[in-house]
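Bear in mind that the values here come from a model prediction, so they are computed numbers and not experimental data. Numbered from 1 within each chain, the chains take letters A, B, ... in sequence-line order.
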2 protein chains.
Amino acid sequence: MNDSTIQNFKEILRKEGLRYTKQRQAVWDEIQNSQEHRDAEDIYMSIRNNGVNVSRATVYRTIDVLVKNRMVRKMDVGDGRNRYEPRLGDAHHDHMICVETGKIIEFYNEELEDLQEKIAEENGYMLVRHIHQLFVKPLKK
Amino acid sequence: MNDSTIQNFKEILRKEGLRYTKQRQAVWDEIQNSQEHRDAEDIYMSIRNNGVNVSRATVYRTIDVLVKNRMVRKMDVGDGRNRYEPRLGDAHHDHMICVETGKIIEFYNEELEDLQEKIAEENGYMLVRHIHQLFVKPLKK
DNA sequence: CCCTTTTTGAGACTGAGTCTCATTCGGATA
DNA sequence: TATCCGAATGAGACTCAGTCTCAAAAAGGG
């Protein structure tokens with residue numbers, strides 16, 4: 001929402017040879033302004049409720065650009081709907097999903113990250129990215 | 001395909017209050033007889049090619065029973081189609097997917113497993129299951 | 001302001017998976 | 001082994017996230 005973020009977004013569009021439109025800005029604003037893990041429909045509805053006319057097609061198309069440029073992270077929670085969250089330069093993290101409440105908890109563990117790279121290398125590969133979700137339930141008190 | 005496996009399968013059906021049918025047996029046979037990571041359509045087509053009449057609905061319904069009873073593992077490779085593999089009592093493993101060739105490599109790392117339980121516990125949760133996929137590309141020679 | 005090119009949006013389409021319900025089958029019982 | 005009834009099956013309708021189409025609208029360089 002601040003100037004530097006908008007400039008950054010414009011730069012990415014330029015780099016991709018894409019035009020700056022209010023719809024694209026609205027999608028980025030919407031994702032950026034909420035730290036939650038939201039699905040596309042949710043993002044689409046919010047933008048419309050904010051009075052910006054946009055189509056689902058445009059929402060999906062813009063999300064793809066944002067994901068490709070690492071401004072947004074796409075995550076598969078396993079219920080058939082992808083969730084999105086802004087990256088905003090903050091450190092990488094994985095997710096823990098409570099199977100009882102659906103609550104999503106973020107976590108980051110250095111050791112875990114290193115181990116994954118090591119495993120890939122041991123097999124003759126380089127780690128590009130990973131999907132890692134822990135499905136958990138509350139510990140009995 | 002051998003007697004004890006069939007008995008085991010029948011036992012699970014009984015436990016679930018389900019009847020033993022040739023379609024259900026065919027689905028289990030099909031998954032069991034291939035160590036590959038196959039999708040539902042693939043399994044469905046193979047069974048039909050083997051001369052057993054079965055519907056997609058039955059394939060999906062049977063897979064659900066097998067997954068619930070831990071005879072089959074369901075995995076999300078991220079392309080919108082779930083893959084299935086037999087468990088056959090063999091040890092747990094995760095997958096590495098080559099983004100260049102699509103090859104799926106299985107791996108198991110004790111340290112990684114322990115670490116995940118530890119992380120869940122540190123957050124007041126118990127690990128129920130996890131999704132863990134490493135997307136990799138070949139190391140440059 | 002013009003003009004070319006890109007973007008948009010409404011809604012058609014896709015494809016994996018689920019649901020429906022009339023028909024068929026399993027298997028317990030006698 | 002024949003009967004019977006609830007469970008299982010299958011064809012295809014349906015769902016739903018996401019993609020595609022293409023005419024109309026907007027961007028933005030000149």
Side-chain angles (χ1 to χ4, degrees), chain A residues 6-7 9-31 37-68 72 74-84, chain B residues 6-7 9-31 37-69 72-84:
Chain A
I6 292 175
Q7 281 318 312
F9 180 54
K10 283 186 174 173
E11 197 132 322
I12 279 163
L13 292 178
R14 197 176 314 121
K15 181 171 72 71
E16 292 279 333
L18 300 170
R19 290 176 180 175
Y20 178 79
T21 66
K22 70 173 187 306
Q23 286 85 351
R24 285 178 175 152
Q25 183 65 57
V27 172
W28 173 224
D29 284 349
E30 191 55 41
I31 295 177
H37 309 85
R38 307 172 70 193
D39 62 35
E41 185 65 18
D42 196 27
I43 293 164
Y44 165 73
M45 288 309 296
S46 292
I47 296 171
R48 305 212 110 203
N49 290 341
N50 290 347
V52 178
N53 209 318
V54 75
S55 65
R56 267 172 257 263
T58 296
V59 170
Y60 281 108
R61 285 186 287 230
T62 305
I63 286 174
D64 285 347
V65 175
L66 293 168
V67 169
K68 183 180 170 198
V72 166
K74 185 176 188 169
M75 56 177 287
D76 183 345
V77 180
D79 67 353
R81 262 171 306 142
N82 285 309
R83 304 302 156 88
Y84 305 96
Chain B
I6 293 174
Q7 282 317 312
F9 180 54
K10 283 186 174 173
E11 197 133 320
I12 279 163
L13 292 178
R14 198 176 312 122
K15 181 171 71 74
E16 291 280 332
L18 301 170
R19 291 177 178 173
Y20 178 79
T21 67
K22 71 173 186 304
Q23 285 85 351
R24 284 178 174 151
Q25 182 65 56
V27 172
W28 173 224
D29 284 349
E30 191 56 41
I31 296 177
H37 309 84
R38 307 172 69 192
D39 62 35
E41 185 65 17
D42 195 28
I43 293 163
Y44 165 72
M45 287 309 296
S46 293
I47 296 171
R48 303 213 112 204
N49 290 340
N50 289 348
V52 177
N53 211 317
V54 75
S55 64
R56 267 173 256 265
T58 296
V59 170
Y60 280 109
R61 286 187 286 230
T62 305
I63 286 174
D64 285 348
V65 176
L66 292 168
V67 169
K68 184 180 169 199
N69 286 278
V72 166
R73 199 141 86 98
K74 184 177 187 167
M75 55 176 289
D76 184 344
V77 179
D79 67 354
R81 261 172 306 141
N82 284 309
R83 305 302 156 89
Y84 305 96

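Between A/Asn82 and D/dA17, a side-chain N or O to OP1/OP2 separation shorter than 4.0 Å is absent. The phosphate of C/dT18 has neither OP1 nor OP2 within less than 4.0 Å of any side-chain N or O from B/Tyr60. Regarding contacts with the backbone of C/dG9, a side-chain N or O of A/Thr58 is found under 4.0 angstrom from either OP1 or OP2. For the pair A/Gln23 and C/dT7, the criterion of a side-chain N or O lying under 4.0 Å from OP1 or OP2 is not met.
In this structure, the CG atom of B/Asp64 is 16 Å from the P atom of C/dA16, given to the nearest Å. Going from atom CE of A/Met75 over to atom C1' of D/dA17 covers 17 Å, rounded to whole Å. As rounded to whole Å, 11 Å separates atom C1' of D/dA17 from atom CG of A/Asp79. One interatomic measurement links the two molecules: NZ of B/Lys22 to P of D/dA8, which rounds to 15 Å at whole-angstrom precision. Between the OH atom of A/Tyr44 and the P atom of C/dA10 there is a distance of 7 Å, given to the nearest Å. Between the C1' atom of D/dG6 and the CG atom of B/Leu13 lies a distance of 16 Å, rounded to the nearest Å. Taking atom CZ of residue B/Arg61 and atom C1' of nucleotide C/dG17, one finds them 12 Å apart after rounding to whole Å. Atom CD1 of A/Ile43 and atom C1' of D/dG18 are 13 Å apart (whole Å).
For the side-chain hydrogen bond (donor to acceptor under 3.5 Å, both in side chains) criterion with A/Asn53, the lone passing option out of A/Gln23, A/Lys22, A/Arg48 is A/Arg48.
Contact annotation for A/Asp39: no contact, since no heavy-atom pair falls under 4.0 Å across all strands. No contact: B/Arg14 has no heavy atom under 4.0 Å from any strand. Using a 4.0 Å heavy-atom cutoff across all strands shown, B/Arg24 reaches sugar-phosphate atoms only and no base atom.
Distance from the side chain of A/Arg19 is smallest to D/dA26 among C/dA10, D/dA11, D/dA26. Nearest nucleotide to the side chain of A/Ala40, out of D/dA11, D/dG18, C/dA10: D/dG18. Set against D/dA11, D/dG10, C/dT18, the side chain of B/Arg48 has D/dA11 as its closest nucleotide.
To the nearest 0.5 Å, atoms CG (B/Leu13) and CH2 (B/Trp28) are separated by 11.0 Å. Taken from CZ in A/Phe9 to CG in A/Leu66, the straight-line distance is 5.5 Å, to the nearest 0.5 Å.
Looking at which nucleotide of DNA chain D each of B/Thr21 and A/Arg81 is closest to, the 5′-most match is held by B/Thr21. Of the residues near DNA chain C, B/Leu18 and B/Gly80, the one whose nearest nucleotide (by heavy atom distance) lies more toward the 5' end is B/Gly80. Between B/Ala57 and B/Tyr20, the residue anchored nearer the 5' end of DNA chain C, judged by the nucleotide with its closest heavy atom, is B/Ala57.
Proximity of a side-chain donor or acceptor of B/Arg24 to a complementary backbone N or O of B/Arg19 within less than 3.5 Å is detected. A donor-acceptor pair is defined here as one N or O able to donate and one able to accept, closer than 3.5 Å; such a pair exists between the side chain of A/Asp79 and the backbone of A/Arg81.
Evaluation of atom-type donor-acceptor distances gives no pair under 3.5 Å for the side chain of A/Arg56 against the base of C/dG11.
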side-chain contact (heavy atoms from CB on, under 4.5 Å), that's the test. Do B/Ile63 and B/Ile43 meet it? Break it down for me.
CA-CA 10 Å; B/Ile63 286 174; B/Ile43 293 163; 4.3 Å; yes
